[in-house]
Amino acid sequence: MSRRKFLIGVGSLIAGTVLATACKGPVPTPTGTPTIVPGTGLCEGATASKSTDELGARLTSCNDVISYNNFYELSFNKDDVANFAKEFKTSPWSIAVGGLVNKPRTYDMEEILRRFPQEERIYRLRCVEAWSMVIPWQGFPLSRLLREVEPLSQAKYVRFETLFDPNQMPGQILGLLDWPYVEGLRLDEAMHKLTILATGLYGKPLPVQDGAPIRLIVPWKYGFKSIKSIVKIDLVADMPETSWAKENPREYGFYANVNPAVDHPRWSQASERRIGELTRIKTLPFNGYGDEVASLYAGMDLRKFY
Ligand code: MTE
């Protein structure tokens with residue numbers, strides 16, 4: 001990134017800090033397709049096998065998916081993330097998988113795409129800020145990669161880390177979070193069949209603003225768990241300290257399961273705004289995936305483990 005662009009980036013980030021809202025509070029959301037969409041070409045030839053999810057909800061338009069983003073390393077302003085994404089380099093890229101495993105190893109992206117057949121998953125993404133989208137991702141179950149490295153019996157959690165590169169990610173100069181962005185899952189959550197690593201959306205490679213070249217998607221949890229642009233995955237014994245839980249433990253828990261019965265301390269989680277639609281809809285427990293995942297939390301008080 002040129003020095004000028006970098007400085008402009010930092011300036012815009014600082015200006016945006018005052019308004020910074022992602023994971024800080026509900027924000028006004030666009031009600032239609034924005035008129036100017038940076039990187040619209042990314043949606044040319046966009047395809048999906050269906051036009052709705054399994055509950056009959058319409059897919060969010062590709063243009064909305066790629067132009068309304070939370071990616072604080074690039075910009076605090078959702079509408080500006082796509083602009084900062086333009087010069088971000090996603091090649092070469094590799095992911096180091098290690099920690100408590102028998103076979104630690106580093107995968108480069110080409111190998112990941114070759115080794116793990118990609119499949120489409122149409123999932124609802126529910127942000128903790130009470131907006132949501134329905135997105136057709138391409139990816140593969142995280143369990144397939146974890147099985148390859150053979151977790152040891154002491155491994156109880158999985159820790160994920162985003163790239164740290166302030167030259168490309170001006171947000172990392174500012175102290176909003178303790179960078180790099182870190183997320184985590186319990187091992188059984190990570191091995192669940194719904195948990196994927198996504199490498200594409202709408203039949204095309206993942207755009208930078210959505211976490212290229214590879215990100216986590218855990219559809220029954222608030223969106224901040226779905227960490228973008230991953231470079232490191234570690235199997236660990238103890239619950240990892242995750243970025244938002246570290247920043248504000250009262251507001252953001254480790255579990256972060258979508259739960260309309262437990263409000264965020266500053267706003268209700270009972271309903272959500274689907275991006276591109278006018279009316280609010282009711283938020284579903286576990287984001288509508290309860291039949292598949294509720295048993296993971298049997299016996300747990302989900303008010304305490306939020
Ligand atoms: N991952 C990183 N590294 N940095 C971020 O700022 N934002 C999270 C999550 N993953 C974020 C991240 C939040 S708050 C949400 S809601 C989703 O990404 C948004 O994903 P999207 O922009 O593809 O819709």
Side-chain angles (χ1 to χ4, degrees), residues 1-31 33-43 60-90 93 125 127-133 135 160-183 198 201 205-217 222-231 243-244 247-248 252 273 275-276:
M1 182 185 289
S2 73
R3 183 176 153 74
R4 186 171 165 274
K5 180 134 198 272
F6 182 75
L7 291 174
I8 292 171
V10 173
S12 136
L13 277 162
I14 291 167
T17 310
V18 184
L19 300 169
T21 48
C23 305
K24 293 256 163 191
V27 288
T29 53
T31 51
T33 304
T35 41
I36 301 167
V37 181
T40 307
L42 294 171
C43 284
T60 304
S61 81
C62 179
N63 282 344
D64 280 349
V65 175
I66 66 157
S67 59
Y68 185 81
N69 300 99
N70 274 340
F71 200 166
Y72 272 8
E73 289 92 328
L74 296 179
S75 173
F76 298 156
N77 179 348
K78 292 174 175 38
D79 304 323
D80 221 17
V81 172
N83 278 322
F84 284 95
K86 282 181 189 152
E87 289 182 34
F88 184 84
K89 274 185 62 187
T90 55
W93 194 277
L125 175 82
C127 181
V128 75
E129 297 163 336
W131 56 265
S132 62
M133 300 192 187
I135 304 176
F160 305 85
E161 208 175 287
T162 293
L163 176 73
F164 180 71
D165 182 0
N167 277 327
Q168 293 204 82
M169 295 173 138
Q172 291 178 333
I173 301 172
L174 305 174
L176 175 79
L177 292 177
D178 187 7
W179 308 109
Y181 196 102
V182 169
E183 257 311 330
L201 60 81
L206 201 59
V208 167
Q209 53 266 45
D210 290 287
I214 185 163
R215 74 176 294 180
L216 183 68
I217 297 291
Y222 290 121
F224 67 87
K225 297 295 290 181
S226 292
I227 179 173
K228 297 179 171 181
S229 305
I230 298 168
V231 290
S243 291
W244 282 105
E247 168 63 23
N248 194 337
Y252 307 107
R273 165 75 67 88
I275 298 300

Checklist outcome for this item: Across all chains, not counting sequence neighbours, the side-chain contact (heavy atoms from CB on, under 4.5 Å) partners of Ala198 are Trp137, Ile196, Arg215, Ile217
Item to check | Nearest heavy atoms of Ile66 and Ala82, plus distance in Å | outcome: O-CB, 3.7 Å
Item to check | Nearest atoms (heavy-atom pairs only) where Gly276 meets Asp64 | outcome: CA-OD2, 3.8 Å
Checklist outcome for this item: NZ of Lys78 to CD1 of Ile275, rounded to nearest 0.5 Å, is 8.5 Å
Checklist entry - So do Leu206 and Leu201 actually touch side chain to side chain, heavy atoms under 4.5 Å? => result yes
Checklist entry - Partners of Ser226 by side chain to side chain donor-acceptor pair (under 3.5 Å), sequence neighbours excluded? => result none
Checklist outcome for this item: Correct closest heavy-atom pair for Leu216 and Lys225 would be CD2-O, 3.5 Å
Checklist outcome for this item: Lys228 meets the side chain to side chain donor-acceptor pair (under 3.5 Å) criterion, sequence neighbours left out, with none
Next on the checklist: Minimum heavy-atom separation for Ser75 and Phe84, please, with both atom names.
Outcome noted: CB-CD1, 3.8 Å
Checklist entry - In Å and rounded to the nearest 0.5 Å, what is the OG1 to CD distance from Thr162 to Glu183? => result 9.0 Å
Item to check | Side chain to side chain, Tyr68 and Asp79, heavy atoms closer than 4.5 Å | outcome: yes
Next on the checklist: Quick one, Trp93 with Val231, criterion side chain to side chain contact (heavy atoms under 4.5 Å, CB included). Give me CA distance, side-chain angles, the key distance, then yes/no.
Outcome noted: CA-CA 8 Å; Trp93 194 277; Val231 290; 3.5 Å; yes
Checklist entry - Okay, side chain of Glu73, backbone of Pro180: is any donor-acceptor separation there less than 3.5 Å? => result no
Checklist entry - Rounded to the nearest 0.5 Å, how far apart are CG of Leu125 and OG of Ser132? => result 8.0 Å
Item to check | Pairwise side-chain contact, Leu74 with Val208, heavy-atom cut-off 4.5 Å (strictly under) | outcome: yes
Checklist entry - Angle class for the Phe224/Trp244 ring planes (parallel below 30°, perpendicular above 60°, tilted otherwise)? => result perpendicular
Checklist entry - Which residue pairs pass the salt bridge (charged side-chain N to carboxylate O under 4.0 Å, His left out) test with at least one member in residues 162-174, sequence neighbours excluded? => result none
Checklist outcome for this item: Here the gap from Asn70 atom CG to Glu129 atom CD, rounded to the nearest 0.5 Å, amounts to 4.5 Å
Checklist outcome for this item: Interatomic distance, CZ@Phe88 vs CE@Met169, rounded to 0.5 Å, equals 4.0 Å
Item to check | Summary of salt bridge (charged side-chain N to carboxylate O under 4.0 Å, His left out) pairs that have at least one residue in residues 167-180, sequence neighbours excluded | outcome: Asp178-Lys246
Checklist entry - Trp179 versus Pro166: any side-chain heavy-atom pair under 4.5 Å? => result no
Item to check | Pairwise distance CZ(Phe76) to CG(Leu176) - rounded to 0.5 angstrom | outcome: 4.5 Å
